[in-house]
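First up is the structure itself, then whatever we jot down about it.
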Amino acid sequence: MSTMKPSKPLSYAVLGFGYAFLYLPIALLIIYSFNESKLVTVWSGFSTKWYWALLEDDELINAALLSIKIALMTATAAVVIGTWAGFVMARLNRFRLFPLFAGMINAPLVIPEVIQGISLLLLFVAMEQAFGWPEGRGVFTIWIGHVMLCVSYVAIVVQSRVRELNRSLEEAAMDLGARPLKVFFVITLPLISQALVSGWLLSFTLSLDDLVLTAFLSGPGSTTLPMVIFSRVRLGLNPEMNALATLFIIVVSVGVVAGNLYMRSVQRKRDREMQLAFNQA
Amino acid sequence: MKSLNFSRWFPSGRTTVIGVPFLFLFVFFLLPFLLVVGISFSQQQLGIPPYTPLTKMEDDVFTLVLNIGHYKFMLGDDLYFATYISSVQMAFVSTVLCLLIGYPMAYYIARASESARDTLMMMVMLPFWTSYLIRVYAWIGILKNDGFLNQFLMWLGVIDTPLRLYHTNWGVYIGMVFSYLPFMIMPLYAHLVKMDLRLLEAAYDLGARPWKAFVQVTLPLSKNGIIAGSLLVFIPAVGEYVIPELLGGSDTLMIGRVMWDEFFNNMDWPMAATVTCAMVLLLLVPMALFQHYQAKVMEEVK
């Protein structure tokens, strides 16, 4: 058995190197957001002035508000459509066109965003020519694009959760005379609520962060936060961007870690209750 | 008596449940591709939209004009050819580097104690949740000539003159590995963690050395994870735009960047559509493979 255990020092070395690679850049970014100098990589003293500069940057603030609005709309729509599609993937996968359906769910996970960007843009242009709608490009077209980006993630999270479900609860409800739609909303949906929450959060961050698709689908007056960041970062380092990045990273990290801990505690509680139920049976 | 059976005219519940998401995906995912193919055969023009229509109806004569000029140009142009080769090569090298760093990490996370595993995996996923753009930006400060890496190496005395990494292909490789590493680790971990360790014990009992046991037992059992992870990195990397634009040089040839420039700088939508078609063609086989393995994973869960 002793040969079974992987060597400790080697494991620490590999993981240490790996996590250093993943986190060192982020750590440097955060530390130097408090640097006084405009030259980002030369430390000249502690200062929070770049954070104050953010508050006066109207272009940035307006773009951030727009991005948050689109992200809220995207996450909500993506969860509705993604859950629907994920449920079909898990339960109704015996129809003739299913391989095509699965393909349309899986492909957006890997397809380069430039491809999706130009295709959706051409669709909207063709639609405008044919029916005069949507007029020009803006929040609506970005919204649809972002939903397409996120639906696959939600659908895959939901379908794997639905597959794990014990069907006895749903069957019991059916036996008691509940209609399928009611069973779905009263029984299935609460059981997969964790998947819905993580799908919503993932969609929210994906939308908030998207640059490429947005660039194709935005019009005048719909400049999102990543577009502003990109246009500035292209010119090189910018201490204000370090400050913005730091805020972003802190908010997301706190959210993800808290969400994770919460879900783990919910899981543990559920396991305990299941155990109790089985013990009584 | 009007006993029209209305229910006949409406699709059944099951069809509706399947039909709605199907239609949504069809309209916003598949149909747009067909449009891209169509527009790659049209011609750039001034006006809205900036391309000529393919079909015309004049005096009861229906004409379809397909302009194959863009394809001819692309096939004959050395720069385009070099860009394809270079995109595939850059994506391939990035994938191999991800595998070399990701496999040992996934392996040791999977072999860590049960309580540590969740935390370690969360730490792999956390950077994926934070902004992609910000993570790429973070590397500019590190890779620049007067950046942190060069400062550090010169302070150590390893080098006298700064290494040129920013605005080179090396910068792109580092950025790609950094951005895509979580996608490699996730499927590898999923396969390694559910591996039956008794198989390894058996190999040891039969006298296999650790290295041989790894090559003959662990590696084949994680084959699907390697393939899935590699595809998750390779396919999007081929069409990557942001990383070569921010970290690469002007000589870093990548197809996503060429397509972006045709579209936004030259305003040549038909040419951009042609480049897109070529990119899809390039990715068809890897995409089909990815589809195949996703389907397999789904079957396993059942």
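Below, chains carry the letters A, B, ... as their sequence lines are ordered, and counting in each starts from 1. FYI, side chains are in, hydrogens and waters are out, and symmetry mates aren't considered; it's all heavy atoms of this structure. Just so we're clear, the structure is a prediction, and the values are computed from it rather than from any experiment.
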Would you call the rings of [X] and [Y] parallel, tilted or perpendicular, taking 30° and 60° as the class edges?
{"X": "F21(A)", "Y": "F178(B)", "value": "perpendicular"}
{"X": "F264(B)", "Y": "F216(A)", "value": "tilted"}
{"X": "F230(A)", "Y": "W260(B)", "value": "perpendicular"}

Say whether, by atom type as modelled, one donor and one acceptor occur between the side chain of Y137(B) and the main chain of N238(A) under 3.5 angstrom.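 Such a contact is found between Y137(B) side chain and N238(A) backbone.
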For N106(A) and Q291(B), indicate whether the former's side chain and the latter's backbone hold a donor-acceptor pair under 3.5 Å.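 Checking the backbone N and O of Q291(B) against the side chain of N106(A), no donor-acceptor pair under 3.5 Å is found.
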Which atoms of [X] come close to chain B, meaning under 4.5 Å heavy atom to heavy atom: side chain ones, backbone ones, both, or neither?
{"X": "L208(A)", "answer": "neither"}
{"X": "A102(A)", "answer": "backbone"}
{"X": "L211(A)", "answer": "side chain"}
{"X": "L201(A)", "answer": "both"}
{"X": "A155(A)", "answer": "neither"}

Do W129(B) and F248(A) have ring centroids that are under 6.0 Å from one another?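 So the answer is no for these two rings.
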With ring centroids as reference points, do Y108(B) and Y12(A) lie under 6.0 angstrom apart? no
Pairs involving residues 110-127 of chain A, ordered by first then second residue, that meet side-chain hydrogen bond (donor to acceptor under 3.5 Å, both in side chains) (sequence neighbours left out): none
Note: F290(B) and L109(A) closest approach over all heavy atoms is CZ-CD1, 4.3 Å
Closest heavy-atom pair and its distance - S253(A), L126(B): CA-CD1, 4.0 Å
What part of I142(B) gets within 4.5 angstrom of chain A, counting heavy atoms only: side chain, backbone, both, or neither? side chain
Side chain to side chain contact (heavy atoms under 4.5 Å, CB included) between L92(A) and V17(B): does it pass, once the steps are laid out? CA-CA 9 Å; L92(A) 301 163; V17(B) 170; 3.5 Å; yes
When heavy-atom pairs shorter than 4.5 Å are enumerated against chain A, which of A237(B), P127(B), G38(B) gives the highest number?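 Looking at each of A237(B), P127(B), G38(B) in turn, P127(B) comes out on top.
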Working for side chain to side chain contact (heavy atoms under 4.5 Å, CB included), residues L35(B) and V125(A): CA-CA 10 Å; L35(B) 279 169; V125(A) 170; over 6 Å; no
Is any side-chain heavy atom of L122(A) less than 4.5 Å from a side-chain heavy atom of W269(B)? yes
Hey, does V114(A) have a side-chain heavy atom less than 4.5 Å from the side chain of M279(B)?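 Of all side-chain heavy-atom pairs linking V114(A) with M279(B), at least one is under 4.5 Å.
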